[in-house]
Protein chains: 2
Amino acid sequence: MADIPDRRARRRAETLEEILAIALEVMAEDGVAGLSLSAVARRLGIRPPSLYKYFPSRHAVYDALFERGQRAYLEAVQRGAAGAEPGLAAMAASLEAGARWVMANQALAQLLFWRPVPGFEPSERAYAPALAVHDHFTALTSAAIERGELHPDAASEEGQALGSSLIAGLLSQQLANEPGAAFEEGRFTRWVARLPGVLAAIYPPR
Amino acid sequence: MADIPDRRARRRAETLEEILAIALEVMAEDGVAGLSLSAVARRLGIRPPSLYKYFPSRHAVYDALFERGQRAYLEAVQRGAAGAEPGLAAMAASLEAGARWVMANQALAQLLFWRPVPGFEPSERAYAPALAVHDHFTALTSAAIERGELHPDAASEEGQALGSSLIAGLLSQQLANEPGAAFEEGRFTRWVARLPGVLAAIYPPR
DNA sequence: GTCTATAGGCAGATAGAC
DNA sequence: GTCTATCTGCCTATAGAC
């Protein structure tokens, strides 16, 4: 009978994931801040109070989504860089993988990077992967500098600020103006592949 | 007695402006999408139904804010450029004036440029000033090209897309990460004054 | 132009039966 | 883990008296 608790746990985990998937649907339709647990319950076919056996509050649902989202984004940018030589080439591949993930997960990306829910602050645990993302791109920048592809100033705080603004600007413009466009055809996402070249123009080596 | 209707009209106009000012306060506190007419009425000291003598719906309040916001932003970027020589210098001054306006009117700027209210589409009338803003920056880009400060490709559609993404990225990062910072001290707004130089590095003349 | 009263909703969250 | 019932509170919007 030792496996019965396992079955229960598995079933419970499935329901948890189902709730989060439906929450993403609702956010895509009604806006990230428009998430309502009642709407989630309706779509899941249960009554709103039953949801509270899985999440103690609406806030907790946001936090679970935030953590899973950060983890998935981290994995996307790491996998993107994995195939390429460290340096500008890996940075290009990683930025593109991240941008594709954002365009494929728009509601979640808004929750992660634009904080559109007044009063919601992610827990430390949920925020942790974001620090790893930062370290990842810092390492790629350092590698590019060591290979002579970028000026050392690119690793400064202001260089990092400009770099993150470049990708954030392209994506926020794409999301606001052409959210449905394919990645290759988007007026703004088209630039993502050329970002390392832009960085090199701003921070030329030597 | 011909002035009595004028007085009434003036009083009414004052109340309209007061309602919009309070609506901005509420949006700043509860998020742009969290605007509630009841909250506005409470702060104004009247009952919610009375508001409907001034605006027929919540949507109409957003639309009035959108139009006034676009006009104010247009005026800001035009005044910013007015004192400088047309070309890159005027573009720098205009971008900085616009960025300062955004940081000083954060809730309104979100309504104008990030569309955070599901279901709200501005009326044609309210959107009109945005077209004038576009023309304004297109003219400044052309002037910079004629003066030999930028490569002609900067005026292409992709050049415009990159330019608007650069400023949008800096501001969205500043708003998300350091909304209270002074313009000169902001990690991201500090870059605004150097944007024309960045553009020139990406699109060098000749 | 202000009010009261009200319609008709929605939401988050809890208590307690089964 | 599900439900019903309920509390409490919010909202947009309208009708109609004054």
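Predicted model, so just to flag it, every value in this text is computed and none were measured.
Phosphate proximity of D/dC11 to B/Arg42: present, with a side-chain N or O under 4.0 Å from OP1 or OP2. Using a 4.0 Å cut-off, some side-chain N or O of A/Ser50 falls inside it from OP1 or OP2 of D/dC3.
Rounding to whole angstrom units, CG of residue B/Leu51 and P of C/dT4 are separated by 14 Å. Taking atom CZ of A/Phe55 as the reference point, atom P of D/dG1 lies 13 Å away to the nearest angstrom. Rounding to whole angstrom units, CD of residue A/Glu14 and C1' of D/dG1 are separated by 15 Å. When rounded to the nearest whole Å, the span between OH of A/Tyr62 and C1' of C/dA11 equals 12 Å. Separating the CG atom of B/Asp30 from the C1' atom of D/dG9 is a distance of 15 Å, rounded to the nearest angstrom. When the P atom of C/dT2 is taken as reference, atom CD1 of B/Ile46 falls 6 Å away, rounded to whole Å.
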Would you tabulate the side-chain donor-acceptor contacts of residues 76-96 of chain A under 3.5 Å, counting partners in other chains and residues two or more places apart, or write 'none'?
unit_1	atom_1	unit_2	atom_2	d
A/Ser94	OG	A/Val77	O	2.7
A/Ser94	OG	A/His136	NE2	2.8
A/Glu96	OE2	A/Arg100	NE	3.0
A/Glu96	OE2	A/Arg100	NH2	3.0

Give every donor-acceptor pair under 3.5 Å between a side-chain atom in residues 22-34 of chain A and any protein atom, sequence neighbours left out.
unit_1	atom_1	unit_2	atom_2	d
A/Glu25	OE1	A/Arg43	NH1	3.4
A/Glu29	OE1	A/Arg43	NH2	2.9
A/Glu29	OE2	A/Arg43	NH1	3.3

Distance-only criterion, 3.5 Å: show the donor-acceptor pairs between side-chain atoms of residues 104-122 of chain A and protein atoms not counting sequence neighbours.
unit_1	atom_1	unit_2	atom_2	d
A/Asn105	ND2	A/Trp101	O	2.9
A/Gln106	NE2	A/Met103	O	3.1
A/Gln106	NE2	A/Pro179	O	2.8

Full working for side chain to side chain contact (heavy atoms under 4.5 Å, CB included) between A/Leu37 and A/Ile19: CA-CA 9 Å; A/Leu37 296 193; A/Ile19 289 169; over 6 Å; no

Do any N or O atoms of the protein come closer than 3.5 Å to N or O atoms of nucleotides 12-16 of chain C, and which pairs are they?
unit_1	atom_1	unit_2	atom_2	d
C/dG12	OP1	A/Leu37	N	3.0
C/dG12	OP2	A/Leu37	N	3.2
C/dG12	OP2	A/Ser38	N	3.1
C/dG12	OP2	A/Ser38	OG	3.2
C/dA13	OP2	A/Tyr52	OH	3.0
C/dA13	OP2	A/Arg58	N	3.1

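Within the structure, the ring-ring contact (aromatic ring centres under 6.0 Å, His included) test picks out no pair touching residues 177-196 of chain B (sequence neighbours left out). The list of ring-ring contact (aromatic ring centres under 6.0 Å, His included) pairs with a residue in residues 18-42 of chain A, not counting sequence neighbours, is empty.
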